[in-house]
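Note that the structure is predicted; figures quoted are calculated from it, not measured. Starting from 1, each residue takes its place in the sequence as its number.
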Amino acid sequence: MPGLAWQDGVFEESDHAAAVDHRLQDKIYATIGHNACLEARPAVVHFGGFTLGMVHEQRIRLCNTSSSSAGMHIVLPTTTYFKASCEKKKGLLAPGMEDVITVQFCPTEWRYYYDCVRIHTQGTNVLIPIHAYPMMNQTKFPRRISFGKCAVGETYTKHVSLTCNVPIDFEYEISMLQPNAAFVVRPHKGVVPANGIVDVEVIFCPTRLVTEMAELEVRVAEFQSEAVRCLLSGSGFPGLARQHQLAGLTVGLDTTVSETMPVWGKAETGRLPKGTAKGGAGKYRWQAVNHGRSQNVEA
C-alpha cells in the first residue's frame with residue numbers, strides 16, 4: 001500500500017510507496033460510484049475552488065446496500081497532492097453498514113488535479129474519481145433585473161460585474177433564452193481576466209406602452225459550472241411626449257390671477273360680495289347670484 005508523509009505543505013511519497021500495487025496493474029475499475037452491493041456517497045468527489053497551501057477535506061461514505069456481507073479492499077489515492085484514510089481498509093462490510101473514507105487535498109499551484117479511490121471487491125470493482133480545480137468565483141449574476149416604469153423612447157442602463165478572484169482567465173457567454181428587442185446585453189461574451197472584473201451592461205429602451213420581459217443565461221467556462229438564468233422586466237409609460245405637452249400647456253397659460261376671486265355664497269346683506277380679476281390678454285367673466293337673479297359681471 002502506498003505510504004504518504006506530510007512535508008512542506010505537500011503529501012510526499014515515502015520510499016515504501018515506490019512499490020507497485022498489483023491491484024492497480026491487473027484489475028479493471030470501470031464502474032463509477034457503485035456496484036451490485038456497494039454504493040459511494042458521493043460517487044464523485046469535487047474540490048471546487050481552493051487556496052494554495054491549505055488542506056481541504058471531504059468525506060466519502062461507502063455503504064453496503066445488499067442483504068449480505070460484502071468483502072472489499074480499499075486502494076487509496078497515489079499522487080502526492082491527495083491523502084485518504086479509512087479505519088477499515090479491507091474485510092467484510094455488514095448489510096446496511098458503512099465505512100467513512102476521509103480525503104484530504106493540498107494544492108501547490110493553480111491548475112487541475114485528479115486522482116481516485118479504488119474499491120476492489122469480489123464482483124465489479126468500483127472507482128471513485130477525485131477532481132480538484134480552481135473556480136473563478138461564485139457567479140453572482142442576479143436572478144432578476146427590474147427596470148420598473150420607464151419613459152417610452154428613453155434608454156436605461158444597469159451594470160452587473162463578473163469578478164475573478166484567482167490568477168486564471170475564464171471565458172463567459174451570455175445568451176438570450178427569451179429574446180426581446182427592448183433589451184440589449186453587452187458584451188455578450190468575452191474573458192474575465194485573472195484577478196479582474198468585467199462590467200456587463202443591461203440596456204432597456206421601451207418603445208411600447210406595455211410590460212416587456214426577457215430571459216438570459218450566463219455560462220462560465222469552468223469545470224462543473226452551472227448556468228445562471230436571469231429574468232429581465234420593464235414597463236413603458238408615456239414619458240417625454242406627455243411631459244412636453246403638459247409643459248406646453250403650462251407655458252400657454254400666461255394669465256395669472258392677481259386678486260381674490262369672488263366668494264361664492266351669500267353675505268349677511270343677501271348680496272354677493274363683488275370680486276374682480278385681471279387678465280393678461282383678455283377679460284374673465286363669472287356670474288353673481290343676487291336674490292335669485294343672474295347677471296354677468298365684467299372685470
Side-chain angles (χ1 to χ4, degrees), residues 32-33 42-51 58 110-114 129-250:
I32 296 179
V44 180
V45 179
H46 292 275
F47 289 91
F50 51 73
T51 302
Q58 291 198 41
W110 297 106
R111 66 177 181 87
Y112 169 78
Y113 298 85
Y114 173 80
I130 305 174
H131 303 277
Y133 42 87
M135 295 184 65
M136 182 185 80
N137 193 20
Q138 182 180 3
T139 307
K140 296 182 179 180
F141 208 93
R143 302 287 180 172
R144 181 183 180 90
I145 298 178
S146 176
F147 286 86
K149 294 182 178 180
C150 302
V152 172
E154 290 190 354
T155 300
Y156 300 84
T157 303
K158 291 194 175 185
H159 299 266
V160 181
S161 297
L162 296 178
T163 306
C164 179
N165 293 329
V166 296
I168 299 178
D169 296 343
F170 286 90
E171 295 182 356
Y172 75 92
E173 183 176 3
I174 302 176
S175 56
M176 299 296 291
L177 301 180
Q178 180 184 341
N180 190 318
F183 295 96
V184 176
V185 179
R186 61 186 185 191
H188 67 278
K189 65 179 179 179
V191 176
V192 183
N195 294 318
I197 298 176
V198 168
D199 183 67
V200 177
E201 292 183 341
V202 182
I203 303 171
F204 176 52
C205 181
T207 58
R208 302 179 298 170
L209 302 178
V210 297
T211 298
E212 305 281 6
M213 300 188 71
E215 187 177 17
L216 58 83
E217 184 179 70
V218 183
R219 288 187 175 272
V220 178
E222 61 184 7
F223 195 83
Q224 205 70 5
S225 175
E226 295 184 0
V228 176
R229 293 190 176 186
C230 176
L231 182 64
L232 309 178
S233 63
S235 301
F237 75 103
L240 294 177
R242 185 182 66 173
Q243 294 177 8
H244 290 165
Q245 290 179 0
L246 293 177
L249 292 175
T250 303

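In this structure, Leu162 and Val220 have side chains that are not in contact, with every pair of non-hydrogen atoms separated by 4.5 Å or more. In this structure the side chain of His131 reaches within 4.5 angstrom of the side chain of Tyr112, judged on heavy atoms. The side-chain heavy atoms of Cys150 and Thr155, taken from C-beta on, include no pair separated by under 4.5 Å.
Residues Arg111 and Pro134 come closest through the heavy atom pair O-CD, 3.3 Å. For Gly236 against Pro206, the heavy-atom pair with the smallest separation is CA-CB, 3.9 Å. The heavy-atom pair separating Ala221 from Phe170 by the smallest distance is O-CD2, 3.6 Å. Scanning all heavy atoms of the two residues, the minimum distance from Ser161 to Ile197 falls at CB-CG2, 3.8 Å. For the residue pair Ala214 and Leu231, the shortest heavy atom distance occurs at O-CD1, 3.4 Å. Considering all non-hydrogen atoms of both residues, Ile32 and Pro129 come closest at CG2-CD, 3.8 Å.
Applying the side-chain contact (heavy atoms from CB on, under 4.5 Å) rule to Ala43 yields no partners; only residues at least two apart in sequence or on another chain are considered. With sequence neighbours excluded, no residue forms a salt bridge (Lys or Arg N to Asp or Glu O under 4.0 Å) with Glu215. In this view, Arg208 and Glu212 satisfy the salt bridge (Lys or Arg N to Asp or Glu O under 4.0 Å) rule, not counting sequence neighbours. Residues that satisfy the salt bridge (Lys or Arg N to Asp or Glu O under 4.0 Å) test with Glu173, not counting sequence neighbours, are absent from this structure. Residues passing the side-chain hydrogen bond (donor to acceptor under 3.5 Å, both in side chains) test with Thr207: none are found, sequence neighbours excluded.
In Gln178, the CD atom is crowded: over 12 heavy atoms of neighbouring residues, nucleotides or ligands sit closer than 6.0 Å.
A distance-only check finds a donor-acceptor pair linking the side chain of Gln58 to the backbone of His46 [under 3.5 Å]. Tyr156 contributes a side-chain N or O that, together with a main-chain N or O of Ala151, makes up a donor-acceptor pair within less than 3.5 Å.
Leu177 CG to Leu216 CG: the interatomic distance, rounded to the nearest 0.5 Å, is 7.5 Å. A distance of 9.5 Å separates CZ of Arg219 from CD of Glu226, quoted to the nearest 0.5 Å. Taken to the nearest 0.5 Å, the CE atom of Met213 stands 8.0 Å off from the CZ atom of Phe183. Atom CG of residue Leu232 and atom NZ of residue Lys158 lie 10.0 Å apart, to the nearest 0.5 angstrom. Interatomic distance, OH of Tyr113 versus CZ of Phe50, reported as 5.5 Å (0.5 Å rounding). How far OG of Ser225 is from OH of Tyr133: 9.5 Å, rounded to the nearest 0.5 Å.
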Does the side-chain contact (heavy atoms from CB on, under 4.5 Å) test come out yes or no for Val200 and Val218, once each step is laid out? CA-CA 11 Å; Val200 177; Val218 183; over 6 Å; no
I would like to know whether Phe147 and Phe204 meet ring-ring contact (aromatic ring centres under 6.0 Å, His included); could you show each step before the answer? CA-CA 8 Å; Phe147 286 86; Phe204 176 52; 5.3 Å; yes
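Identified under the side chain to side chain donor-acceptor pair (under 3.5 Å) test for residues 189-205, with sequence neighbours left out: His159-Asp199, Arg186-Glu201.
With Ile174 as reference, Val185 is the one residue of Val185, Val202, Val160 to meet the side-chain contact (heavy atoms from CB on, under 4.5 Å) rule.
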